[in-house]
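Start at 1 and go down the list; that is how both ligands and their atoms are numbered.
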Amino acid sequence: MLKLAKLNNRPEIFHSIQGEGKNLGKPSVFIRLSLCNLYCKWCDTDYTWNWEGTSYAHNNDALPGYHKFAKDEMMALLSDDEINAIVTDYNCKNLVITGGEPLVQQKSLISLLQLLRQTNPLYHIEYETNGTFIPLPEVDALSDQYNVSVKLSNSGVEYNERVVPEAISWFATSPKSNFKFVVDTNDDLNEVQQIITDHKISNEAVFLMPQGSSVESLQQKQNWIVELCKQYNYNYSDRLHIHIWGAKRGI
Ligand code: SF4
């Protein structure tokens, strides 16, 4: 059984396009798992971890009506068969396992991955991960791609929690990995370049994206980031879902 995020009282599995990174624009089925081991203060999937009774600060704390989430209301427990049936109905080859942090539940993921592979050996299975867990060998053997987004100090998360050197180095040596960083300031860029240097990450495996949850805020940063990508041979990634839908969930 896996804990999935819940949206409109249904498990959050949806058919859309990949909005970021290496597979930008690719039709994909997203499987959003609940739970995260971090607590980024700007997280837009805080309904996967910012539970009532916890003391984590969030940028939305100041918004009228914002409150922490009741775990029982935001989480759905599904069997592998139930998840497989929903995914199969979409008839889509690219699967994105996201969260929260999907590798929090990686032991429970193994049997789902086996079932998905049996159902359709042509599935391409990718993850959105914060890069703090080394995938288990059984998970890695059944997976195609890791989109690794190591969190920076602007997340408000303690360094030792968001930067796990052995995990980042594992991903840096895996041909399945690419690294996605959202940057807003020169300080962010300096941190990114320190992580790249410390862990010998290939520049060609790096995607830089502008910070922002509106088209205007993305556009303000895009020229600066494009020039950085040209200078360092990084890849530029837009955040396509924001251009199309804004900061909406489940689409
Ligand atoms: S790692 Fe991702 S899901 Fe977890 S708190 Fe940070 S942004 Fe949110």
| Is there a donor-acceptor contact under 3.5 Å from the side chain of N130 to the main chain of T132? | yes
| task | Around atom 4 (Fe) of ligand 1, find the nearest protein heavy atom and jot down its residue, atom name and distance. | result | C36 SG, 2.3 Å
| said: Tell me the protein heavy atom at minimum distance from atom 6 (Fe) of ligand 1, and give that distance in Å. | reply: C40 SG, 2.3 Å
| note | To atom 2 (Fe) of ligand 1, the nearest of H58, K151, E101, R32 on a heavy-atom basis is K151
| task | Look at the side chain of N203 and the backbone N and O of Y232, then say whether any donor-acceptor pair between them is shorter than 3.5 Å. | result | yes
| request: Check N50, N59, N60, D61 against Y66 for a side chain to side chain donor-acceptor pair (under 3.5 Å) and give me the one that passes. | output: N50
| query | If you look at every heavy atom in A172 and H199, which pair is closest and at what distance? | reply | CB-O, 3.4 Å
| Main-chain N/O of D184 paired with D188 side-chain donor or acceptor, under 3.5 Å | yes
| query | Any idea which atoms of ligand 1 are less than 4.0 Å away from a heavy-atom of G100? | reply | 3 (S)
| said: Tell me whether K151 is salt-bridged to E161, with the criterion being a basic N under 4.0 Å from an acidic carboxylate O. | reply: no
| Any S155 heavy atom less than 4.0 Å from ligand 1 | no
| Where ligand 1 meets N130 - atom numbers and elements under 4.0 angstrom, heavy-atom basis | 1 (S)
| Where ligand 1 meets W42 - atom numbers and elements under 4.0 angstrom, heavy-atom basis | 7 (S)
| task | May I ask you to check if any N/O/S atom from C43 comes under 2.8 Å of atom 8 (Fe) of ligand 1? | result | yes
| request: Taking S169 for its side chain and P165 for its backbone only, find out whether a donor-acceptor pair lies under 3.5 Å. | output: yes
| request: Answer yes or no for T48: is there a heavy-atom contact with ligand 1 below 4.0 Å? | output: no
